[in-house]
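What follows is a single structure, written as structure tokens, with notes after it.
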Amino acid sequence: MNCQQVTKLLERYDEGELPTQISTQVESHLHHCAGCQTMLRLVEKERVSLQSTDDIPALNPDFAQGVMSRISVTPRPKLYPLVPVWVEWTRRYPTLLGAAAVILLFLFPLIGQPTINNEFVPPTQQAAKKVAAVNQMQNVPYNATILPLTETSDENSYRDETLRPLDPSRSLQAKVITGSSALPSSPSTPTAALATGNAATDQTDDTQVIAPTVVPSYIPTGYTLDKIEITSGNQVIVSYQTSKDQPTAPLIINIVPELSNKKLMLEKDTTTRTDQPVIKAEDNVKPPVLATSVRSLTEPTKVAPVVGSCGGYNYLITSNIPLESQEMENLSRSLELR
Amino acid sequence: MPVADEVLVARALEGDVVAFEELVVRYQRPVYAVCYRMLGQKEDAEDLAQEVFLTVYEKLNYFDLARVFAPWLYRIAVNCCLSRLRKNRKVVFVNFDDGIYTEPDIASGHQDNPVLALERLEQKEAIEQSLMELPDSYRMVLVLRYQLDLTNQEIASMLGITRENVEVRIHRARKALRKVLASPTRGGWSYELPASH
């Protein structure tokens with residue numbers, strides 16, 4: 001390497017961003033080149049100056065209070081964007097609305113009466129509605145039985161379920177068994193055979209295993225996979241640590257019908273070019289990332305998860321069966337990968 | 001372990017003002033540092049930092065809780081800074097505080113070697129002044145890289161440019177700064193930068 005080449009690489013060398021091989025070459029050049037050594041010292045000095053905050057005047061100690069007093073007269077933000085995107089667009093471009101209205105007027109006889117739903121429904125409610133709709137459509141009586149999360153792929157292993165720590169090399173499975181139409185109808189109160197599987201053992205012919213599995217196939221640079229949890233609130237939570245030792249947003253996914261029998265994969269987010277991982281499901285199924293469930297990290301809901309299946313449809317049944325702590329432990333297993 | 005930012009955002013969305021105040025306290029310094037580096041004046045920077053947090057509060061319901069809060073906040077800060085700089089170019093301010101000059105406390109940091117302290121102070125002033133002479137887009141990249149310690153990739157996604165573009169901007173801006181550091185006489189270095197875009 002000559003001086004010109006080394007000078008170009010000095011910034012990255014100083015910040016430790018060079019590959020080892022090139023870094024060694026730069027180092028060997030620096031050993032015998034006084035000019036480049038001086039340049040390196042200058043680069044270091046410059047970086048330190050750029051990182052320094054000494055010259056920034058101190059922030060007013062009442063700054064936060066000032067912000068909060070201005071916020072006290074600001075309307076409180078809503079839980080969801082109140083105005084759907086298309087409403088914003090029509091407000092911003094009223095002529096667009098006019099043009100759309102004219103087009104609709106012409107198309108009206110062709111397409112029949114349009115139905116416009118103005119109501120904004122949060123994603124969780126949307127999922128619930130979908131479940132209810134599927135439920136109603138099928139009109140098949142069912143009896144859902146939950147089994148504890150298990151590490152095995154053996155469908156009959158629920159019989160001798162024990163509280164063993166999960167093997168990190170295997171994927172988590174939420175095993176759910178549904179009954180058939182021959183079983184007594186109880187759509188509002190699904191029966192839960194917790195930890196024992198007693199109700200389900202007699203119905204093995206109609207057994208359907210729904211297994212949302214989490215496969216950590218991608219760990220971004222600087223991130224350490226902390227743990228993967230399937231909570232009792234029908235959620236998959238993937239927690240990370242970063243090398244910067246800052247708390248990171250856990251990825252939270254609602255287990256919904258579309259995800260049944262799908263593998264969930266942690267992948268690099270190619271759309272935003274950040275290192276933040278995203279969760280994708282196989283077959284391009286987009287897992288609904290649950291925005292409102294952050295609180296459940298600290299306050300897990302003591303509600304049994306029930307994923308149901310009937311008439312060829314897999315769906316989520318919400319249930320209000322309170323669980324004891326031991327049962328919670330059975331249902332919400334943590335996979336410690338550290 | 002402190003409560004995650006995103007949990008605080010979720011609480012703020014449910015009406016917990018204290019949770020939002022915690023976010024303000026956590027991020028007031030980096031946001032203010034960015035504003036100061038971009039505007040170069042304490043009062044303007046504080047005012048703009050307040051505006052950033054107000055915007056964040058107003059747009060909180062647009063934040064995707066499955067993502068990390070800090071980059072989203074910094075993106076708003078960047079947008080507010082650039083928007084304020086554009087506005088400032090149209091208005092000429094008269095700063096009434098210009099006449100009140102307080103002598104910097106040179107000796108406090110380097111009591112043993114006041115010559116070194118003076119040298120450092122001069123250098124910092126030179127850096128600060130040189131930074132202010134850089135085109136906004138170059139200065140912003142340097143501030144995000146060295147004051148907020150963001151990666152080139154993070155900066156790229158924040159500014160909507162490629163990572164290579166970020167690298168080029170950083171390299172050119174540093175090259176310009178280095179010339180200032182190498183020669184205190186400052187001879188026309190700002191003309192060697194390509195136009196801001």
Side-chain angles (χ1 to χ4, degrees), chain A residues 8 11-12 17 39 42-43 45-47 49-60 63-68 70-72 74-82 221-222 242 244 246-253 269 271-276 278-279 289-295 297-298, chain B residues 1-7 9-15 17 20-21 24-25 28-29 32-33 36-37 42 46 49-50 53-54 57-62 64-71 109 123-125 127-128 131 142 145-147 149 151 153-154 156-157 163 170-171 174 177-178 181-182:
Chain A
K8 275 184 186 169
E11 284 164 28
R12 293 176 66 194
E17 287 177 353
M39 185 58 94
L42 203 60
V43 167
K45 205 190 263 187
E46 172 196 297
R47 176 181 46 79
S49 303
L50 282 168
Q51 286 171 333
S52 162
T53 51
D54 296 354
D55 60 311
I56 298 180
L59 184 64
N60 187 344
F63 178 83
Q65 280 177 7
V67 173
M68 296 318 289
R70 282 175 76 177
I71 276 172
S72 63
T74 308
R76 178 187 149 186
K78 302 295 175 191
L79 195 56
Y80 292 98
L82 264 190
T221 321
T242 65
K244 289 179 180 175
Q246 287 169 347
T248 52
L251 295 162
I252 303 161
I253 291 173
D269 190 352
T271 52
T272 59
R273 297 182 177 192
T274 60
D275 281 340
Q276 172 78 357
V278 288
I279 288 206
V289 174
L290 192 65
T292 52
S293 63
V294 170
R295 182 157 280 193
L297 279 174
T298 47
Chain B
M1 192 172 164
V3 183
D5 295 339
E6 296 72 26
V7 176
V9 172
R11 286 180 189 168
L13 281 168
E14 286 169 6
V17 187
F20 189 78
E21 189 171 5
V24 176
V25 171
Q28 58 184 2
R29 286 186 196 289
Y32 166 69
Y36 180 80
R37 283 280 182 245
K42 184 180 187 290
E46 277 191 359
Q50 282 207 357
F53 284 111
L54 279 179
Y57 187 73
E58 282 164 5
K59 299 206 179 286
L60 212 54
N61 51 347
Y62 287 95
D64 180 358
L65 281 165
R67 296 204 168 269
V68 184
F69 175 70
Q123 203 176 74
K124 268 181 192 148
E125 279 176 356
I127 284 268
E128 194 180 335
L131 269 174
L142 282 184
R145 180 78 177 87
Y146 295 104
Q147 294 279 311
D149 200 24
T151 63
Q153 189 64 71
E154 285 169 332
S157 65
R163 200 186 69 188
I170 287 178
H171 180 70
R174 285 195 63 171
L177 279 177
R178 206 167 303 140
L181 285 172

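Throughout, a chain's letter reflects where its sequence line sits, starting with A, and its residues are numbered from 1.
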B:Ala49 versus chain A, heavy atoms under 4.5 Å apart: side chain, backbone, both or neither?
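When you check distances to chain A, atoms from both the backbone and side chain of B:Ala49 fall under 4.5 Å.
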| message | For B:Arg145 and A:Glu17: C-alpha separation, side-chain torsions, deciding distance, then whether salt bridge (Lys or Arg N to Asp or Glu O under 4.0 Å) applies. | response | CA-CA 14 Å; B:Arg145 180 78 177 87; A:Glu17 287 177 353; 2.5 Å; yes
Requested in this report: Report yes or no: does B:Gln147 contribute a side-chain atom to a donor-acceptor pair with the main-chain N or O of A:Ser52 at less than 3.5 Å?
Outcome: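 Present.
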**Item:** B:Gln28 side-chain N/O to A:Phe63 backbone N/O, donor-acceptor pair under 3.5 Å
**Value:**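 The answer is no, because no donor-acceptor pair under 3.5 Å joins these two groups.
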Heavy-atom pair of closest approach, residues B:Leu54 and A:Val67:
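Minimum heavy-atom contact is CD2-O, 4.5 Å.
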Heavy-atom closest contact (A:Asn60 atom, B:Glu46 atom, distance)
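Closest pair (atom of A:Asn60, atom of B:Glu46, distance): N-OE2, 2.7 Å.
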> Can you name the residues that form a ring-ring contact (aromatic ring centres under 6.0 Å, His included) with B:Tyr36, not counting sequence neighbours?
Replying inline: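 Counting only residues at least two positions away or on another chain, B:Tyr36 forms no ring-ring contact (aromatic ring centres under 6.0 Å, His included).
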### Query
Listed by chain and number, what are the side chain to side chain contact (heavy atoms under 4.5 Å, CB included) partners of A:Arg47, not counting sequence neighbours?
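Counting only residues at least two positions away or on another chain, A:Arg47 forms a side chain to side chain contact (heavy atoms under 4.5 Å, CB included) with A:Asp14, A:Glu15, A:Glu44, A:Gln51, B:Tyr146, B:Arg174.
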Let me confirm one number: the CE-CZ distance from A:Met68 to B:Phe53, rounded to the nearest 0.5 Å.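 Here the rounded value is 10.5 Å.
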| query | Would you call B:Arg37 and A:Ile56 a side-chain contact if the rule is heavy atoms closer than 4.5 Å? | reply |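 They are in contact (side-chain heavy atoms under 4.5 Å apart), so the answer is yes.
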